[in-house]
*Asks:* 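Here you go, one structure.
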Amino acid sequence: MGKVIKKKELSKAEKKVVDEVVDDEELDEVTPKTKGVSVNDILKTINSKYGERTMLSLKEKPDFPRIPTGVFPVDFMIGGGIPVSQGSCFMGGYSGGKTTTGLNTVACFQKMCMSCYRPSDYCVCSSKPKIMKAAVANIEGTIDPLWASTLGVDIENFYLIEAEAGEAYIDICQKLMEAEDLGFLLFDSVGAMVTQAELDNAAEASNMGVSARVISKMVNKFKQSLITQNKLGHQIALLYINQKRLDLQVKFGSNETTKGGEAFKHEQSLTCRFGKLSLDARDNAFKGDAKEDRPFVSKHSVI
């Protein structure tokens, strides 16, 4: 059998030396005893300092409801419609159906209860349906009341904004977002917005980058307004309409771009590209009909 080695016990003198080298009381003084802080404690502090619902669990945040466009293929592809409390954009070339689809979305919005987000005829609320108002920044000046009412828009509860400079449209729309009974804002269109500097300067003066800077500030302001109003329980659907531009510096790949710089693209949670369908030789959009001697008008658009 192997030899058993017993642990040597320290003598009193040796224990005294060890106690002098390592003092437990000194170690306790060097290492501070901190009280543990939980996330819930920090959450309460943040909400009391910066306002309610500044910090919350993701489970407490409801999903973004959607407003249908009224065009089933479009709603199917974008998940049911444009999201509420977010910025969406319809972009594309001229005569592609952007404004018509935007007005059709307004018509669907005016028939929805903004409490349960169902059509007013199928509302499940205990009280009467909550119908909210809509507004449009008519920058292009193409909103026609007759055509809007034909699409089903309630023009009595659809307000038209017509100003001069782009900065005036931004200030009016930002102030209008604070209205409790407004739930939809249509901006038609970003590409047609003219800044105050462009109006004041001479026609031959260079205004490079002025519009892009103003649009970048606009989308940042509107985005923060949507977040602030959503925290207060007031949800607004914001829909931009933008035009297509061609970047002449791009030599390879697609040279399509939109007015407003890169900031405008990144601030949108949903962007739909509108364009005309390619037509065959029998239905050429820019040639007259041989039988009736009139131009052929295509009523179809694609995203």
Side-chain angles (χ1 to χ4, degrees), residues 32-69 75-90 105-106 108-120 122-135 137 170-187 215-240 260 262-272:
K33 294 182 179 179
T34 57
K35 182 181 179 182
V37 181
S38 64
V39 176
N40 291 330
D41 297 335
I42 298 176
L43 186 147
K44 295 177 181 178
T45 305
I46 291 175
N47 288 336
S48 61
K49 182 177 181 180
Y50 298 101
E52 290 296 329
R53 301 182 65 82
T54 300
M55 180 179 176
L56 69 162
S57 173
L58 184 59
K59 187 178 180 180
E60 300 177 17
K61 184 176 178 61
D63 193 12
F64 296 113
R66 292 179 177 266
I67 298 174
T69 63
D75 294 333
F76 179 78
M77 286 185 287
I78 63 178
I82 64 171
V84 182
S85 296
Q86 296 290 310
S88 305
C89 178
F90 290 168
T105 307
V106 174
C108 294
F109 162 79
Q110 292 178 331
K111 296 179 178 64
M112 289 181 61
C113 173
M114 298 306 290
S115 296
C116 61
Y117 295 98
R118 295 171 178 265
S120 57
Y122 301 95
C123 179
V124 296
C125 299
S126 57
S127 59
K128 64 179 183 179
K130 183 181 179 182
I131 306 298
M132 302 184 72
K133 299 177 181 179
I170 296 173
D171 295 338
I172 294 171
C173 291
Q174 190 174 14
K175 187 65 177 177
L176 200 58
M177 286 184 185
E178 300 176 2
E180 296 180 353
D181 55 347
L182 183 82
F184 194 100
L185 182 59
L186 179 63
F187 207 86
I215 293 172
S216 299
K217 293 179 181 179
M218 176 189 71
V219 293
N220 291 332
K221 282 187 172 185
F222 286 178
K223 187 71 173 181
Q224 192 58 43
S225 297
L226 291 175
I227 295 174
T228 303
Q229 295 300 320
N230 189 27
K231 286 170 58 178
L232 299 175
H234 177 209
Q235 293 183 322
I236 306 171
L238 179 59
L239 177 59
Y240 297 98
E262 294 295 326
F264 181 82
K265 303 173 186 177
H266 292 285
E267 289 294 338
Q268 311 310 316
S269 61
L270 174 68
T271 300
C272 298

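In what follows, residues are counted from 1 in the order of the sequence shown.
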*Asks:* Could you check if a side-chain atom of Cys125 sits within less than 4.5 angstrom of a side-chain atom of Lys130, using non-hydrogen atoms only?
*Replies:* no
*Asks:* Please assess Met177 against Leu238 for the test side-chain contact (heavy atoms from CB on, under 4.5 Å), listing each intermediate value before the final yes or no.
*Replies:* CA-CA 10 Å; Met177 286 184 185; Leu238 179 59; 4.2 Å; yes
*Asks:* Under 6.0 Å from the NZ atom of Lys231, do we count more than 12 heavy atoms belonging to anything else shown?
*Replies:*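 Yes.
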*Asks:* Check whether any side-chain heavy atom of Met55 sits under 4.5 Å from a side-chain heavy atom of Val39, and report yes or no.
*Replies:* yes
*Asks:* Looking only at non-hydrogen atoms, find the nearest pair between Val84 and Gln235 and report the distance.
*Replies:* CG1-CB, 3.5 Å
*Asks:* Is there a donor in the side chain of Gln86 and an acceptor in the side chain of Lys223, or the other way round, less than 3.5 Å apart?
*Replies:* yes
*Asks:* Does Met112 reach the side chain of Pro68, with side-chain heavy atoms less than 4.5 Å apart?
*Replies:* yes
*Asks:* If you take all heavy atoms of Pro83 and Leu270, which pair is closest and at what distance?
*Replies:* CD-CD2, 4.0 Å
*Asks:* Could you report the tightest heavy-atom contact between Ile67 and Ala237, atom names first, then the distance?
*Replies:* CD1-CB, 3.6 Å
*Asks:* Find the distance between CG (Leu186) and OG (Ser88) and round it off to the nearest 0.5 Å.
*Replies:* 11.0 Å
*Asks:* How about Arg118 and Cys113: do any of their side-chain heavy atoms sit closer than 4.5 Å?
*Replies:* no
*Asks:* Over all heavy atoms of both residues, which pair between Cys89 and Leu239 is shortest? Give the atoms and the distance, please.
*Replies:*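 The pair with the smallest heavy-atom distance is N-CD1, 4.2 Å.
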*Asks:* Let me confirm one number: the CD1-CG distance from Ile46 to Asp41, rounded to the nearest 0.5 Å.
*Replies:* 11.0 Å
*Asks:* Supply the atom-to-atom distance Glu262 CD to Ser216 OG, rounded to the nearest 0.5 angstrom.
*Replies:* 9.5 Å
*Asks:* Between atom CG of Asn230 and atom OG of Ser225, what is the distance when rounded to the nearest 0.5 Å?
*Replies:*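 With rounding to 0.5 Å, CG (Asn230) is 12.0 Å from OG (Ser225).
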*Asks:* If the plane angle is over 60° it's perpendicular, under 30° parallel, otherwise tilted; pick one for Phe109 and Phe184.
*Replies:*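 Ring orientation, 0 to 90° scale: tilted.
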*Asks:* If you measure from CD1 on Ile78 to OG1 on Thr69, what distance do you get to the nearest 0.5 Å?
*Replies:*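 If we round to the nearest 0.5 Å, Ile78:CD1 and Thr69:OG1 are 5.5 Å apart.
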*Asks:* I'd like to check His234 versus Met132 (side-chain heavy atoms, cut-off strictly below 4.5 Å). Are they in contact?
*Replies:* yes
*Asks:* Any idea which heavy atoms bring Arg66 and Gly79 closest together, and the distance?
*Replies:* CD-O, 3.0 Å
*Asks:* Return the minimal non-hydrogen interatomic distance between Ile215 and Phe264, and the atom names on each side.
*Replies:* CG2-CD1, 4.0 Å
*Asks:* Between Glu267 and Tyr240, do the side chains contain an N or O donor and an N or O acceptor separated by less than 3.5 Å?
*Replies:* no
*Asks:* Working to the nearest 0.5 Å, report the span between OG1 of Thr228 and CD of Glu178.
*Replies:* 9.5 Å
